[in-house]
Amino acid sequence: MHTYRIGEAAALMGVSVDTLRRWVDSGRLSAERDEQGRRIIPGPALAAFAREVASGTDRDHPGSSARNRFSGIVTEVILGDVSAQVEIQAGPFRVVSMISRESAEELKLEPGVPAVAVIKSTNVVVETP
């Protein structure tokens, strides 16, 4: 079973170490102690907690079959003659999309505008660190 130290778990959840410690201290997230007495989070417990936290967000969107949704802020828009390159910073993730110029203009996309990148793909590469 894979385990995570507090800092690693916080980074994966996209929160501060203090926030993750508060979740553990309050009992929302279970932790154990390793041989050195450091708190560690069992991988399955962290995965279950991540699903629980995400279920209250825009992850579930009944009007769409896409389930990969990243809320963020537009950081750059490069308008071409026909297409536009839109960059969104969603937490620690940078999402870049090519859309039509017409769509970018209709959505009034410009740096600083909140946006959601909705991703539905038949090919997803999964890597381990």
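Keep in mind the model is a prediction, meaning the values are calculated, not measured.
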What pair of heavy atoms forms the shortest contact from [X] to [Y], and how long is it?
X	Y	value
H2	P44	O-CD, 4.3 Å
P42	S30	CD-O, 3.9 Å
S71	A90	O-CB, 3.3 Å
K108	V113	O-CG2, 3.7 Å

Can you check whether [X] reaches [Y] side chain to side chain, under 4.5 Å on heavy atoms?
X	Y	result
V53	R28	yes
R39	D25	yes
R101	V82	no
I6	R21	yes
W23	V15	yes
I119	V124	no

Roughly how far, to the nearest 0.5 Å, is [atom2] of [Y] from [atom1] of [X]?
X	Y	atom1	atom2	answer
L46	I40	CG	CD1	12.0 Å
L12	F49	CG	CZ	13.0 Å
T75	Q89	OG1	CD	6.0 Å
I41	E32	CD1	CD	8.5 Å

**Asked** Quick check: are there more than 12 heavy atoms from other residues, nucleotides or ligands sitting under 6.0 Å from CD of E105?
**Response** yes

Do [X] and [Y] land in one hydrophobic cluster if side-chain heavy atoms of ILVMFWY residues count as linked below 4.5 Å?
X	Y	result
V17	V24	yes
I88	I73	no
L109	L79	yes

**Item:** Sole residue of I99, I78, V95 in side-chain contact (heavy atoms from CB on, under 4.5 Å) with V86
**Value:** I99

**Prompt:** Using 4.0 Å as the upper bound for N to carboxylate O, is an ion pair formed by R38 and D34?
**Reply:** yes

